[in-house]
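Structure first, commentary second.
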There are 2 protein chains.
Amino acid sequence: MTTTAGATTDVRPCPISPVVELVFSRWTTPILWTLHEHGTQRFVELERTLGVTPKVLTQRLRQMERDGLVVRTYHPEIPPRVQYEISELGESLAPVFAALTQWSERHLPSVREARAAYSGPLPR
Amino acid sequence: MTTTAGATTDVRPCPISPVVELVFSRWTTPILWTLHEHGTQRFVELERTLGVTPKVLTQRLRQMERDGLVVRTYHPEIPPRVQYEISELGESLAPVFAALTQWSERHLPSVREARAAYSGPLPR
DNA sequence: CCGTATCCGTACGGATACTG
DNA sequence: CAGTATCCGTACGGATACGG
């Protein structure tokens, strides 16, 4: 565990932090969900469906493309057409989403109850 | 405008967004993980283990207590002692964490490959 | 020990305008 | 249509100091 005296104890963070950062950053979840549910989407479709500005949408899509979660296909036409679809790697997240969905259905009410019952500080 | 046939009124965002915000906000995942793995922890233990400043730690713990994910127990001693433990509701997230862990083990290498192979913009 | 109070820097998202 | 460029406001986290 800790090595010889003097050395700082190693702080081992939870192993899922990388995935969390990868998948649950802002907008990534809605984007993945939309592509998963509605299939291939064009840029403007995502823009309108999610209500996100083009700058941010581009940032997220580039990031997700780099990480291999989505596939971008450019069609050199006039006007240009770009398709975004979820990759196989992205689809492999399905069990995660399923677990999350199930948890929501079962336990989200409990959260609401807890919030209602909570009388301490931090009122939002 | 909205007269696109077929799709009536509702543009439904992904249903897991609330949970994501709840569980995967900054620091909440490491906190939950630590309490899940190492059991009950004192304030200063979490502070040191996670390397988080007391202000932020308090914010997160209050929020998670309000949401019913952790249980705070105050022992009026000198010096005072406060225990934080994961609640039953928090424990119910275990399947989610399990799915995430499994995905990490299986598919995180693919992400690294994708990043290495990616030659476009956005180099981080 | 367990927080709270205060200041501060920045990263991030939103809005707008413009280009190919 | 599919972005890029620019400006801007703020929410958030880190650092420090202090209090019960």
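These numbers were taken from a predicted model, which means no experiment stands behind them. Chain identifiers are assigned alphabetically (A, B, ...) following the order of the sequence lines, protein sequences preceding nucleic acid strands; residue numbering begins at 1 within each chain.
- Counting only N and O atoms by type, the side chains of A/Gln63 and A/Arg66 include no donor and acceptor under 3.5 Å apart.
- Rounding to whole angstrom units, OH of residue A/Tyr74 and P of D/dT4 are separated by 12 Å.
- Counting only distance, with no hydrogens or angles, the side chain of B/Thr28 and the backbone of B/Ser25 share a donor-acceptor pair below 3.5 Å.
- In this structure, the nucleotide among C/dG13, D/dG3, C/dG3 sitting nearest to the side chain of B/Val82 is C/dG3.
- A 4.5 Å side-chain heavy-atom check between A/Tyr74 and A/Pro80 finds at least one atom pair inside the cut-off.
- The nucleotide whose nearest atom lies closest to any side-chain atom of B/Arg42 is, among C/dC1, D/dT4, D/dG14, C/dC1.
- As rounded to whole Å, 7 Å separates atom P of C/dG13 from atom CZ of A/Arg26.
- Ranked by how close their nearest DNA chain C nucleotide is to the 5' end, B/Lys55 and B/Pro80 are led by B/Pro80.
- The backbone N or O of A/Leu89 lies less than 3.5 Å from a partner atom in the side chain of A/Ser92, making a donor-acceptor pair.
- Across the protein-nucleic acid pair, B/Gln63 atom CD and C/dG3 atom P stand 16 Å apart, rounded to whole Å.
- By the 30° and 60° cut-offs, the orientation of the rings of B/Trp33 relative to B/Phe97 is tilted.
- Rounded to whole Å, atom P of C/dG3 lies 14 Å from atom CZ of B/Arg48.
- Each of A/Leu61 and B/Val52 lies near DNA chain D, and the nucleotide nearest A/Leu61 is the one positioned closer to the 5' end.
- Atom CD in A/Gln41 sits about 15 Å away from atom C1' in D/dA2, given to the nearest Å.
- For A/Tyr84, the listed nucleotide lying nearest its side chain is D/dG3; candidates were C/dA15, C/dG13, D/dG3.
- The separation between B/Gln59 atom CD and C/dT4 atom P is 9 Å, rounded to whole Å.
- Between A/Arg62 atom CZ and D/dT4 atom C1' the separation is 10 Å, expressed in whole Å.
- Nearest nucleotide to the B/Trp27 side chain, out of D/dG13, C/dG13, C/dC2: D/dG13.
- Each of A/Pro79 and B/Arg60 has a nearest nucleotide on DNA chain D; the 5'-most of these lies closest to A/Pro79.
- Checking D/dA2, D/dT4, C/dC2 against the side-chain heavy atoms of A/Arg72 singles out D/dA2 as nearest.
- Remark: P of D/dA15 and CG of B/Leu57 are 14 Å apart, rounded to the nearest angstrom.
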